[in-house]
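Taking it in order: structure first as structure tokens, then the write-up.
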Amino acid sequence: MKIGDIIVEILTRNGVRTFFGVPGHHTLPLYEAIYDQKLKHILFREEANAGFAADGYSKMVGLGVVDATLGPGALRLIPAVAESYSSSTALIVIVGDVDLKYIYSHKYSRSNVAQQVDQLSIFKPITKAQYLITSPYNTEDIIKNAIKIAISGRPGPVLIDVPVDLFWGSYEDLKLKESESLEIHSLVYMPPDDKIRKAADIIKRSKKPLLLCGGGVHIARAWKEVETLRNINKIPVITTISGKGSVDEYHPLSLGVIGDLGGWDYALEAVEKSDLVIVVGSKLPQYTTYNWKLLEDKDIIHIDIDPEELGRNFPTLLNLVGDARETLKKLSELLVGWRSGDEWIEYISELKEKQLKDIEKVLKDQLNERIIDPRAVISLLNKITEEKDILISDASSSSGWTAKYYLSKTKGRVYLAPRGFAGLGYGLPAAIGVYASGLVKGKILVVAGDGGFGYTISELETIRRIDYPIKIIILNDSALGWIKIEQEIFQKGKIISSTFLDVDYAKIAEGFGIRGYRVEKPQELEKILREAYLVDESVVVDVVTKTDPSFSSILYKAFISPK
């Protein structure tokens with residue numbers, strides 16, 4: 001038996017059916033084991049993209065796996081692993097290494113061995129744990145521990161470093177321990193009952209409570225529990241970008257995303273008027289809280305699996321350390337028969353009506369413009385897409401526009417954006433991972449700027465090769481739009497190194513054997529988007545847009561203010 005057989009067997013027993021990566025000599029035994037066990041491995045053109053795919057896969061099924069060879073291959077994984085670490089996504093990261101004897105010798109320093117680098121040290125800041133396999137006979141214990149660490153508490157990536165001589169070795173007496181289960185279960189934490197009762201008492205005394213849901217709602221699969229608090233107890237809901245989809249966003253008591261990036265002023269107004277904010281599964285990061293100003297002087301109940309996040313940025317009335325789903329379920333039981341006041345419910349509903357009218361206004365105004373507004377592209381998707389579809393956004397301004405103007409029609413993992421580390425190039429590879437999960441009932445749409453799409457354009461070959469019907473919409477302003485806008489506003493129009501040539505991405509798509517559309521006129525937009533949506537194959541829709549600052553409230557206000 002080989003180490004690769006042990007690794008693959010344990011991972012498959014824990015729900016992994018598809019692997020992502022780029023092979024090298026040092027990791028080929030892993031591929032042999034995947035082949036022998038008749039599992040699927042998706043080859044990418046670049047390692048970071050494979051990592052983003054594993055992240056998307058994990059967000060759907062609970063655990064993802066990515067592999068890379070040593071040195072340059074391993075280091076190219078860093079942006080993706082950092083995203084998973086920051087967004088609390090469970091990942092097993094398998095990398096090859098030099099012979100074990102060199103790791104502990106003077107030859108290991110300064111890359112004296114071909115492609116060698118101290119991988120465990122490099123990955124330490126962006127992984128929950130790092131393991132070096134030093135014997136084939138400790139492999140089983142290491143993989144089990146790695147999975148438990150990855151999926152328990154606040155999830156995250158774990159590194160498995162495998163020396164090449166051990167990886168390629170074959171060991172007649174190596175076998176799995178028959179007396180032990182290979183299925184690993186996460187540990188579920190619950191706050192003490194007296195603390196949950198105290199939280200319920202605080203909520204009952206409030207007149208204008210508000211739920212602020214972060215990505216932890218998705219990790220805990222707490223969608224039903226949040227919906228109950230909104231629908232039965234009439235507690236309005238706002239979300240971070242990572243928490244988008246905690247509930248459907250057409251409901252009168254859902255005000256969408258809060259924050260400088262992709263946030264609604266109506267959500268901000270609701271926070272300002274509220275007398276209690278119940279934060280669920282959010283670290284209350286910079287953009288969500290307008291540089292940590294949002295919740296100053298507010299009464300807060302904070303629920304999170306990670307005690308480090310509680311009270312980290314704002315003082316709280318009460319901290320509850322525990323799993324979001326189980327905590328909210330218990331809280332709901334204690335709130336039976338109680339609901340928010342009618343005035344608060346009516347006030348939030350009025351804000352919701354204004355929000356929906358704003359989205360409609362974007363579409364109406366677009367008809368009178370000569371250049372396509374990126375907000376109109378996203379607003380149109382609300383009319384075209386169905387409840388079971390999933391939208392995956394790239395980083396930067398794409399995250400802002402999609403978070404704000406695309407409304408989730410149902411609860412669950414219906415929207416993904418890289419708001420952990422926020423690296424460009426996430427959208428397309430993450431969509432591949434999401435589709436590979438086998439859990440998608442509708443269509444998958446990707447929205448990316450031309451800057452972000454440029455990072456992953458090579459993966460058009462990947463979706464053509466594996467025949468995944470992913471719809472890619474490129475908001476093409478021939479620029480790094482965010483950077484260009486900041487240069488215009490804050491550097492008096494000194495535009496340098498933020499603009500590109502006008503590239504026709506529809507023609508590039510056709511070169512990969514993928515159907516391409518190019519949209520240059522507002523009057524053509526809806527017709528082409530609908531046609532691209534309906535075809536049962538991969539498509540690229542290249543939409544020529546203006547450079548617009550509306551994804552950020554701070555940039556937008558600075559842009560329209562008198563000079």
| Criterion side chain to side chain contact (heavy atoms under 4.5 Å, CB included) on Gln366 and Leu380, from CA distance to verdict | CA-CA 11 Å; Gln366 176 67 97; Leu380 270 173; over 6 Å; no
For the pair [X] (side chain) and [Y] (backbone), establish whether a donor and an acceptor sit closer than 3.5 Å, ignoring hydrogens and angles.
{"X": "Asp389", "Y": "Lys443", "answer": "yes"}
{"X": "His251", "Y": "Asn231", "answer": "no"}
{"X": "Ser393", "Y": "Ala448", "answer": "no"}
{"X": "Thr288", "Y": "Pro285", "answer": "no"}
{"X": "Ser86", "Y": "Ala82", "answer": "yes"}

For [X], enumerate each residue passing the ring pair (Phe, Tyr, Trp, His ring centres under 6.0 Å) test, keeping only those at least two apart in sequence or located in another chain.
{"X": "Tyr290", "answer": "none"}
{"X": "Phe19", "answer": "none"}
{"X": "Tyr405", "answer": "Trp264"}

| query | For Phe52, which of Phe20, Phe44, Phe421, Tyr426 qualifies under ring-ring contact (aromatic ring centres under 6.0 Å, His included)? | reply |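 It is Tyr426, the one option of Phe20, Phe44, Phe421, Tyr426 that forms the ring-ring contact (aromatic ring centres under 6.0 Å, His included) with Phe52.
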Heavy-atom side-chain proximity of [X] to [Y] below 4.5 angstrom:
{"X": "Lys546", "Y": "Asp373", "answer": "yes"}
{"X": "Arg230", "Y": "Asp248", "answer": "yes"}
{"X": "Val66", "Y": "Ile94", "answer": "no"}
{"X": "Leu529", "Y": "Ile473", "answer": "yes"}
{"X": "Pro23", "Y": "Leu43", "answer": "yes"}
{"X": "Arg17", "Y": "Lys40", "answer": "no"}
{"X": "Val535", "Y": "Tyr517", "answer": "yes"}
{"X": "Val544", "Y": "Ile372", "answer": "no"}

Pairwise distance [atom1]([X]) to [atom2]([Y]) - rounded to 0.5 angstrom:
{"X": "Ser408", "Y": "Lys244", "atom1": "OG", "atom2": "NZ", "answer": "4.5 Å"}
{"X": "Ile303", "Y": "Arg325", "atom1": "CD1", "atom2": "CZ", "answer": "14.5 Å"}
{"X": "Ile554", "Y": "Asp260", "atom1": "CD1", "atom2": "CG", "answer": "3.5 Å"}
{"X": "Lys361", "Y": "Leu363", "atom1": "NZ", "atom2": "CG", "answer": "11.5 Å"}
{"X": "Leu159", "Y": "Leu91", "atom1": "CG", "atom2": "CG", "answer": "10.5 Å"}

Looking just at side-chain N and O atoms, do [X] and [Y] make a donor-acceptor pair shorter than 3.5 Å?
{"X": "Asp55", "Y": "Ser84", "value": "yes"}
{"X": "Lys59", "Y": "Thr89", "value": "yes"}
{"X": "Glu249", "Y": "Ser254", "value": "no"}
{"X": "Thr385", "Y": "Lys409", "value": "yes"}
{"X": "Glu459", "Y": "Asn49", "value": "yes"}
{"X": "Thr402", "Y": "Tyr415", "value": "yes"}

| message | Please evaluate residues Arg530 and Lys383 with respect to the criterion side chain to side chain contact (heavy atoms under 4.5 Å, CB included), reporting the C-alpha separation (whole Å), side-chain torsions for both, the decisive distance (0.1 Å), and the verdict. | response | CA-CA 9 Å; Arg530 287 188 180 278; Lys383 297 172 62 176; 4.1 Å; yes
Would one find more than 12 heavy atoms of other residues, nucleotides or ligands at under 6.0 Å from atom [atom1] of [X]?
{"X": "Arg464", "atom1": "CZ", "answer": "no"}
{"X": "Tyr455", "atom1": "OH", "answer": "no"}
{"X": "Tyr35", "atom1": "OH", "answer": "no"}

| query | Is the shortest side-chain N to carboxylate O distance from Arg518 to Asp502 below 4.0 Å? | reply |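 Counted as a salt bridge, because a side-chain N and a carboxylate O are separated by less than 4.0 Å.
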| query | Do NZ/NE/NH1/NH2 and the carboxylate oxygens of Arg45 and Glu461 come within less than 4.0 Å? | reply |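 Yes.
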| For Ile147, which of Val65, Leu182, Leu63 qualifies under side chain to side chain contact (heavy atoms under 4.5 Å, CB included)? |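 Among Val65, Leu182, Leu63, the one that satisfies the side chain to side chain contact (heavy atoms under 4.5 Å, CB included) with Ile147 is Leu63.
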| task | Assert yes or no for the condition that the ring centre distance of Trp482 to Phe551 is strictly below 6.0 Å. | result |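 Ring centres of Phe551 and Trp482 closer than 6.0 Å.
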| Taking the six-membered ring of Tyr266, is the NZ or CZ of Lys354 close enough (under 6.0 Å from the centre) and on axis enough (within 45°)? |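 Because its charged atom misses either the 6.0 Å distance or the 45° angle limit, Lys354 does not stack over Tyr266.
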| said: Could you walk me through whether Glu326 and Val188 satisfy the side chain to side chain contact (heavy atoms under 4.5 Å, CB included) test, starting with their C-alpha distance in whole Å, then the side-chain angles of each, then the deciding distance to 0.1 Å, before giving a yes or no? | reply: CA-CA 9 Å; Glu326 297 302 320; Val188 177; 4.0 Å; yes
| field | From Arg154, Lys283, His218, residue fulfilling side-chain hydrogen bond (donor to acceptor under 3.5 Å, both in side chains) relative to Ser88 | value |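 Result for side-chain hydrogen bond (donor to acceptor under 3.5 Å, both in side chains) with Ser88: Arg154.
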